[in-house]
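Notes follow once the structure below has been shown.
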Amino acid sequence: MMKLVSVNVGLPREVIWHGRTVTTGIYKQPIEGRVALRKLNLDGDRQADLSVHGGEDKAVYCYPLEHYDYWKKELPGRDLPMGVFGENFTTDGLLEHSVHLGDRFSVGTAEVIVTQPRMPCYKLGVRFASDDLVKRFLASGRSGFYVSVAREGQVAAGAEIKVVAREANAVPVSALTHLYVAKRYADDDVALVQRALHVAALPESWKEYLRARLEKTHA
C-alpha cells in the first residue's frame with residue numbers, strides 16, 4: 001500500500017551561510033491533523049525564492065521514506081526527522097523508478113500529478129551545513145519528485161495514496177534525472193526524450209532543456 005507518512009510545512013527563515021544571510025523555506029516540520037492542499041502549496045507552507053521553487057508545477061515536494069535508511073548510513077550521527085530534506089510529503093511505496101511523469105494520484109480528498117524530479121540547489125547544503133551534499137544527493141539517484149495539484153482538498157499523515165491514472169508514455173522520474181546528468185545520449189536516451197516530450201505534465205522549461213540536448217546529439 002502507498003501511504004502518506006508525514007505532512008511537513010514551514011515558512012521561510014533567514015540563516016547565516018558562509019558569512020552571508022540566506023533566506024530559505026527548506027526547514028519543514030511535521031504537522032498533525034488535516035491540512036488544506038491548494039494549487040500552489042499546503043496551508044502553512046511557503047517557498048523563499050519563487051524563481052526556482054514553488055509555482056503550480058512544484059506545489060508539493062515528495063520524498064520517499066525508503067531513502068532515509070540510505071542517508072542515515074551516509075550521514076552517521078545526524079538526526080534525520082521527517083521533512084529534513086525539505087519535503088512536504090514523506091511517502092511510503094512511491095519510488096522514482098516506479099513513479100512516472102504524468103501519473104495521477106489521490107491523497108485524502110485531493111488529487112496530484114507528478115511533474116518532475118527535484119534538482120537540488122545549494123540550500124540543501126545550507127540545511128545540512130555541507131558544501132558537498134548537493135552533489136552527493138544528485139549522484140545518489142534519490143531525488144524525490146514534485147507534484148502539481150489537480151484537485152484541491154484535505155490531506156493528513158497516514159492517508160492512503162491511490163493511483164488514479166498512469167501516464168501512457170511511462171517515463172520514470174529516475175529516467176528524467178538520468179537524462180539531466182548524462183554527458184551524451186545513447187539511442188535509448190533519445191527515444192526516452194521523445195516520450196518525455198509527449199508528457200503534458202512535464203513543465204515547458206524541462207522540454208526546452210531536452211530539445212536543446214537533442215539538437216546537440218544530432219549536430
Side-chain angles (χ1 to χ4, degrees), residues 5-32 35 37-91 96 115-149 157 173-174 176-183 203-206 208-210 212-213:
V5 178
S6 183
V7 178
N8 317 297
V9 300
L11 299 175
R13 66 170 75 171
E14 290 187 347
V15 296
I16 303 298
W17 178 243
H18 291 319
R20 66 189 181 97
T21 301
V22 175
T23 304
T24 175
I26 199 170
Y27 292 86
K28 311 290 186 191
Q29 300 290 333
I31 53 171
E32 306 258 333
V35 187
L37 175 58
R38 307 188 192 280
K39 278 289 184 183
L40 292 177
N41 47 32
L42 289 156
D43 275 5
D45 192 65
R46 295 287 183 277
Q47 297 82 24
D49 184 355
L50 296 178
S51 66
V52 290
H53 301 291
E56 290 193 9
D57 292 330
K58 294 181 178 179
V60 171
Y61 174 47
C62 305
Y63 200 68
L65 176 68
E66 291 89 336
H67 296 338
Y68 272 73
D69 282 343
Y70 171 84
W71 289 113
K72 283 173 184 172
K73 292 173 186 170
E74 286 289 305
L75 305 167
R78 184 180 286 275
D79 186 31
L80 298 178
M82 299 292 102
V84 73
F85 297 100
E87 77 269 22
N88 302 111
F89 287 176
T90 311
T91 61
E96 293 87 348
T115 58
Q116 60 195 300
R118 177 198 198 171
M119 296 290 107
C121 75
Y122 77 96
K123 289 179 179 177
L124 182 66
V126 173
R127 177 68 179 86
F128 285 86
S130 169
D131 283 313
D132 72 340
L133 192 68
V134 171
K135 188 182 292 185
R136 289 167 66 186
F137 189 85
L138 190 58
S140 76
R142 294 164 172 82
S143 66
F145 52 91
Y146 287 103
V147 296
S148 62
V149 179
V173 169
S174 57
L176 194 60
T177 305
H178 161 73
L179 291 172
Y180 181 79
V181 299
K183 291 205 168 16
E204 191 55 37
S205 58
W206 268 103
E208 288 172 3
Y209 171 80
L210 293 174
R213 289 292 305 268

**Report entry** For the student: nearest non-hydrogen atoms of Gly86 and Lys28, plus distance
**Finding:** O-CE, 3.6 Å

Query raised in the report: CZ/Arg213 to NZ/Lys183 distance, rounded to the nearest 0.5 angstrom?
Result: 9.5 Å

Query raised in the report: So with a 6.0 Å cut-off around NZ of Lys39, is the heavy-atom count from everything else above 12?
Result: yes

Report task. Kindly write out the residues that satisfy side-chain contact (heavy atoms from CB on, under 4.5 Å) with Ser148, not counting sequence neighbours, or none if the list is empty. Result -> Ile113, Thr115

Using distance only, find each side-chain donor-acceptor pair of residues 11-21 under 3.5 Å and give its atom names and separation, not counting sequence neighbours.
| unit_1 | atom_1 | unit_2 | atom_2 | d |
| --- | --- | --- | --- | --- |
| His18 | NE2 | Asp131 | OD1 | 2.8 |
| His18 | NE2 | Asp131 | OD2 | 3.3 |

Query raised in the report: Would you find more than 12 non-hydrogen atoms of other residues, nucleotides or ligands less than 6.0 Å from Glu204 atom CD?
Result: yes

Report task. Check side-chain contact (heavy atoms from CB on, under 4.5 Å) between Val84 and all other residues, then give those that pass, not counting sequence neighbours. Result -> Tyr68, Leu80, Pro81, Arg127, Phe128

Query raised in the report: With sequence neighbours left out, what residues match Thr90 under side chain to side chain donor-acceptor pair (under 3.5 Å)?
Result: Asn8, Glu87

Requested in this report: Tell me, with the steps shown, if Ile26 and Leu124 meet side-chain contact (heavy atoms from CB on, under 4.5 Å).
Outcome: CA-CA 7 Å; Ile26 199 170; Leu124 182 66; 4.0 Å; yes

Query - Residue pairs, two or more places apart or on separate chains, that pass side chain to side chain donor-acceptor pair (under 3.5 Å) and touch residues 69-85 - result: Tyr63-Trp71, Glu74-Arg136

**Report entry** Phe137 six-ring centre to Arg118 NZ/CZ under 6.0 Å and within 45° of normal
**Finding:** yes

Query raised in the report: Lys123 side chain to Thr23 main-chain N or O, any donor-acceptor pair under 3.5 Å?
Result: yes

Query raised in the report: So Tyr209 and Tyr180, would you call those rings parallel, tilted or perpendicular, with 30° and 60° as cut-offs?
Result: tilted

Query - Side-chain heavy atoms of Val147 within contact of Cys62, under 4.5 Å - result: yes

Query - Set of side-chain contact (heavy atoms from CB on, under 4.5 Å) partners for Thr177, sequence neighbours left out - result: Pro117, Met119, Leu138, Ser143

